[in-house]
Amino acid sequence: MIDFVGAGPGAEDLITVRGMRLLQEADCIIYAGSLVNPGLLSYANADCVIYNSATMHLEEVLEVMEHMEKQGKHTVRLHTGDPSLYGAIREQLDALKRKGIPYRICPGVSSFCGAAAALEAEYTLPGVSQSVIITRMEGRTPVPESEKLYCLAQHGATMVLFLSSGMAEPVQAALLQGAYTEETPCAIVYKATWPDEKVIRGTVGELCKLARDYNITKTALIVVGSVLGDDYELSKLYDKHFTTEFRQGTE
Ligand code: SAH
């Protein structure tokens, strides 16, 4: 059995209880060493074999999984955040399916949630934005034409950019081509939930300068949108005049 486990955004205690138990039971752990907190490996038992996938290619990862499976061993593939986002799990799942090796997936706390906590932000504020766009600036991995940043920026919704902090200049230009203005609040969150977390707040007009001044090139998210500002409407959910399935509104 191969368990794909979301390691969470960084802090060792932000893995799920299920993820932690799977690490404790594992005979083998293959972890994404570039971003997974190595402290999580302390959950492993003393006999567990540990591989860092940062120095491995896909075939090598699959070989280890297949080897362990043949010996009846249990492997955990530990991915940063939640494995569904920029995790390159689909290619592994499909290869395992072809080989007839069973697998399961255990979700994790994504870094965009860690960043919201660091920012004390609610991404979906009434009267401001009710959507979160999770995307990235095109890099070596291409982005479909209809999802180019300047297109998605037309919505002016809350936006979280992964894998893009080293490209602040084109990010800023694309955001300004859309509905965001120089004054729209934005933030760079570096290593959310890690001990050396940094939260840098500013505006879209300052984004490039902020990334340069604080020398942020990786392990950071760019969060954009008026939800980082001060204006919003109160929620209906907790409005005393509003009737819900669970509560009768008062006059
Ligand atoms: N699956 C992961 C994302 C992997 S892609 C998740 O759900 O979070 C790697 C990118 O995620 C990094 O380039 C960075 O943009 C972002 N990232 C991962 N961990 C982060 C953290 N603790 N703080 C800020 N950004 C992080």
Side-chain angles (χ1 to χ4, degrees), residues 3-16 18-19 22-23 29-41 52-56 58 61 76-93 105-121 123 132-143 147 149 152 158-172 174-175 186-202 207-208 210-211 214-225 228:
D3 276 296
F4 288 82
V5 174
E12 286 161 40
D13 54 354
L14 280 177
I15 191 168
T16 62
R18 183 188 295 180
L22 290 168
L23 285 179
I29 297 172
I30 310 172
Y31 74 106
S34 55
L35 278 169
V36 168
N37 187 339
L40 284 168
L41 302 174
N52 177 354
S53 65
T55 59
M56 299 161 79
L58 176 62
V61 170
V76 166
R77 177 71 170 108
L78 191 58
H79 281 277
T80 180
D82 182 79
S84 69
L85 293 170
Y86 310 107
I89 59 163
R90 177 65 190 267
E91 58 197 25
Q92 299 174 71
L93 304 183
I105 302 170
C106 171
V109 178
S110 176
S111 58
F112 83 92
C113 301
L119 287 162
E120 301 176 11
Y123 286 147
V132 185
I133 297 177
I134 289 172
T135 189
R136 62 173 299 168
M137 185 76 203
E138 182 159 46
R140 283 192 294 178
T141 303
V143 166
E147 293 174 24
L149 193 50
L152 297 182
T158 304
M159 186 181 276
V160 184
L161 287 142
F162 284 70
L163 299 158
S164 305
S165 59
M167 294 179 274
E169 204 170 320
V171 167
Q172 183 178 346
L175 294 175
C186 78
I188 301 174
V189 184
Y190 171 76
K191 293 190 85 174
T193 81
W194 288 74
D196 49 345
E197 168 186 285
K198 268 194 211 117
V199 176
I200 303 156
R201 290 175 189 267
L207 178 61
C208 212
L210 294 174
Y214 288 86
N215 196 21
I216 306 287
T217 55
K218 57 177 194 169
T219 329
L221 293 169
I222 299 172
V223 180
V224 190
L228 299 179

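Counting convention: from 1, in listed order, for ligands and their atoms alike.
- Distance check: Glu138 CD to Ser164 OG gives 10.5 Å after rounding to the nearest 0.5 Å.
- Side-chain atoms of Thr193 come within 3.5 Å of backbone atoms of Ala11 as a donor-acceptor pair (strictly under, hydrogens ignored).
- Nearest approach of Leu93 to Phe4, heavy atoms of both residues: CD2-CE1, 3.4 Å.
- The two residues Phe112 and Val160 come nearest to each other via the heavy atoms CB-CG1, 3.8 Å.
- Summarising the geometry of Leu221 relative to Ala115, their closest heavy-atom pair is CD1-CB, 3.8 Å, with the distance given to 0.1 Å.
- For ligand 1, the protein residues placed under 4.0 Å by at least one non-hydrogen atom are Pro9, Leu35, Thr80, Gly81, Asp82, Leu85, Tyr86, Ser110, Ser111, Phe162, Leu163, Val189, Lys191, Ala192, Trp194, Thr219, Ala220, Leu221.
- Nearest heavy-atom pair across Thr16 and Cys106 is OG1-SG, 3.5 Å.
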